[in-house]
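Here, residue 1 is the first one in the sequence, and each next residue gets the next number. Note that the coordinates shown come from a computational prediction; the quantities given were computed from them, not determined experimentally.
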Amino acid sequence: MLKSNRVLATVLSFVIAFAMIAVPLSASAASKPKLNKTKASVTRIKSIKLTLKNAAASSVKWSSSKKSVATVNSKGKVTGKKIGKATITAKYKGKKYKCKVTVKCRIFKKGTISLFKTQTTTLKLKSGNKVMKVKSWKSSNKSVATVSSKGVVTAKKIGSSTITCTDKKNDKYKVTIKVNSPSAALKHFLIKNGKIDNNGCYYVGKTYYDENADNYYTVFVTYDSINNQFEFESDSEYDGKTFVLFMDIPYSISKNAPLFYYNLVTENYNTNWEATGSINPANYTLNQQVYFDLYEGSDPYDNLQSYGNIDLRASICCWNKLLNECLGFGLKALGFSKL
């Protein structure tokens, strides 16, 4: 019995001794200091937090290999200063723990600008009302839109391109340029901003005074979604005459030449007519005489051609004004290249 107790005591002593050795070893392995990151990236002027785990925070000394790129405070807060790379070091009990930090530029996105082919716009980098200095301008797709060193964007063809502005601190500001056809731009404007008539068509209108004709013209531009075409209307009254001039332009003007429908009623002489005319948009100039073909009513031929061309010229000038006020382009963009 005494011998058994001695054996048991010996076994217990070994177990206790092993436990005393094993526990400190395990605790020592678990408490080894370690940085929460060995590689990190941060955007300029933004911050990230580094932590040395299993270490007394108050005893950790932090430093940066390149303070011009990234700084670090006594609590491990790293702040990006300029684009580049720096090594952040945590020193604890004679040992160093390092994290490689990459500072990246800030990127700002400013939405979308819609242009039509050949249209230009000038971009400026502003802070409040102050225009900021720019290091460079760049287009992601020069075949769609180019940008000059002064921020002048020129639309080249239908599509999308991202214009990137880089400032003196290498921060980047991006805007998407969406290039539409003039027809698409006009359609979009009318649907978004126009009124709706009884036929469900979208239109805008305004009254202008034309000096050459010495008369007021009320003009309208309408998008007819059923026929997929634009309708231009011009109404006026003078010298006892009431007239309405219509011009139809297909959505894609390259398909057909525009047609003019001319209606005039002369109250003083009880004369009226309706006539049609058509032109080649690429060749038409304001001084060109358009032939109107009488299909109803009666009046001397010379009067028809004279009145028709006076009203046509005045109407085109007024339509141009309306389009330019609404979209920044006139009939020239829709194919009337010699206006």
Side-chain angles (χ1 to χ4, degrees), residues 35-52 57 60-91 96-180 185 188 327-328:
L35 274 175
N36 62 327
K37 295 177 183 289
T38 56
K39 288 184 179 181
S41 62
V42 62
T43 305
R44 197 186 71 78
I45 81 167
K46 298 294 183 180
S47 301
I48 57 172
K49 184 73 166 61
L50 294 181
T51 303
L52 186 63
V60 179
K61 303 298 181 182
W62 296 93
S63 63
S64 170
S65 65
K66 193 175 289 188
K67 294 180 180 179
S68 62
V69 173
T71 59
V72 60
N73 67 9
S74 60
K75 296 182 179 181
K77 181 181 178 181
V78 179
T79 302
K81 293 296 183 180
K82 72 175 185 179
I83 296 172
K85 294 183 179 182
T87 299
I88 303 300
T89 301
K91 188 175 181 181
K96 295 180 179 180
Y97 306 86
K98 297 182 178 183
C99 175
K100 294 181 179 180
V101 174
T102 300
V103 179
K104 299 180 178 180
C105 66
R106 294 185 298 168
I107 297 178
F108 301 88
K109 295 185 178 180
K110 298 291 184 179
T112 301
I113 296 176
S114 293
L115 301 175
F116 69 91
K117 185 179 177 181
T118 74
Q119 190 178 19
T120 63
T121 188
T122 300
L123 302 178
K124 293 181 180 180
L125 181 62
K126 287 187 175 182
S127 177
N129 294 323
K130 183 180 179 181
V131 178
M132 309 299 291
K133 291 184 178 180
V134 173
K135 184 177 180 180
S136 66
W137 294 91
K138 183 180 179 181
S139 171
S140 66
N141 193 339
K142 293 180 180 179
S143 65
V144 171
T146 59
V147 61
S148 73
S149 59
K150 295 183 178 180
V152 179
V153 178
T154 302
K156 294 292 186 179
K157 72 175 186 180
I158 297 173
S160 295
S161 179
T162 299
I163 303 299
T164 301
C165 166
T166 303
D167 68 10
K168 295 296 183 179
K169 294 184 180 294
N170 289 313
D171 288 334
K172 298 183 184 298
Y173 301 79
K174 297 186 177 184
V175 62
T176 299
I177 301 296
K178 186 176 181 181
V179 181
N180 299 309
H188 175 77
L327 295 114

Could you pull out every donor-acceptor pair under 3.5 Å between side chains of residues 83-90 and any protein atom, sequence neighbours left out?
none

| request: For S143, enumerate each residue passing the side chain to side chain donor-acceptor pair (under 3.5 Å) test, keeping only those at least two apart in sequence or located in another chain. | output: N141
| query | Considering residues at least two apart in sequence or located in another chain, which fulfil the side-chain contact (heavy atoms from CB on, under 4.5 Å) criterion with K138? | reply | none
| query | Could you state the interatomic distance from SG (C99) to CG (L35), rounded to the nearest 0.5 Å? | reply | 6.5 Å
| remark: Looking only at heavy atoms, the pair that brings A70 and V103 closest together is CB-CG2, 4.1 Å
| field | Beyond-backbone contact of I177 with V144, side-chain heavy atoms, under 4.5 angstrom | value | no
| field | Nearest heavy-atom neighbours spanning A185 and L327 | value | O-CD2, 3.4 Å
| note | The side chain to side chain donor-acceptor pair (under 3.5 Å) partners of T146 (sequence neighbours excluded) come to none
| What pairs with N180 under side chain to side chain donor-acceptor pair (under 3.5 Å), at least two apart in sequence or on another chain? | none
| said: Measuring only between side-chain heavy atoms, which start at C-beta, is I113 closer than 4.5 Å to V153? | reply: no
| In chain order, what residues pass the side chain to side chain donor-acceptor pair (under 3.5 Å) check against T166, with sequence neighbours excluded? | K172
| query | Can you find a pair of side-chain heavy atoms, one from R44 and one from C105, that are under 4.5 Å apart? | reply | no
| What heavy-atom pair brings K37 and L50 nearest, and what distance separates the two atoms? | CB-CD2, 3.9 Å
| message | I need the full list of ring-ring contact (aromatic ring centres under 6.0 Å, His included) pairs touching residues 137-178, with sequence neighbours left out, sorted by first then second residue. | response | F108-Y173
| note | When every non-hydrogen atom of L125 is compared with those of C165, the smallest separation belongs to CD2-SG, 4.0 Å
Sequence neighbours excluded and cut-off under 3.5 Å, please list the side-chain donor-acceptor pairs for residues 71-82, or say none.
unit_1 : atom_1 : unit_2 : atom_2 : d
N73    : OD1    : K75    : N      : 3.0
N73    : OD1    : G76    : N      : 3.1
N73    : OD1    : K77    : N      : 2.8
T79    : OG1    : S47    : OG     : 2.9

| said: Under the criterion side chain to side chain contact (heavy atoms under 4.5 Å, CB included), I'd like the reasoning laid out for K135 against N170: C-alpha separation, chi angles, the key distance, then a yes or no. | reply: CA-CA 8 Å; K135 184 177 180 180; N170 289 313; 2.9 Å; yes
| said: Could you work out, with salt bridge (Lys or Arg N to Asp or Glu O under 4.0 Å) as the rule, every residue matching D167, not counting sequence neighbours? | reply: none
| message | Return the CE to NZ distance between M132 and K168, rounded to the nearest 0.5 Å. | response | 11.0 Å
| field | Pairs where residues 97-115 contributes a residue and the test salt bridge (charged side-chain N to carboxylate O under 4.0 Å, His left out) is met, not counting sequence neighbours | value | R106-D171
| field | side-chain contact (heavy atoms from CB on, under 4.5 Å) involving T162 - partner list, sequence neighbours excluded | value | S140, T164, K174, T176
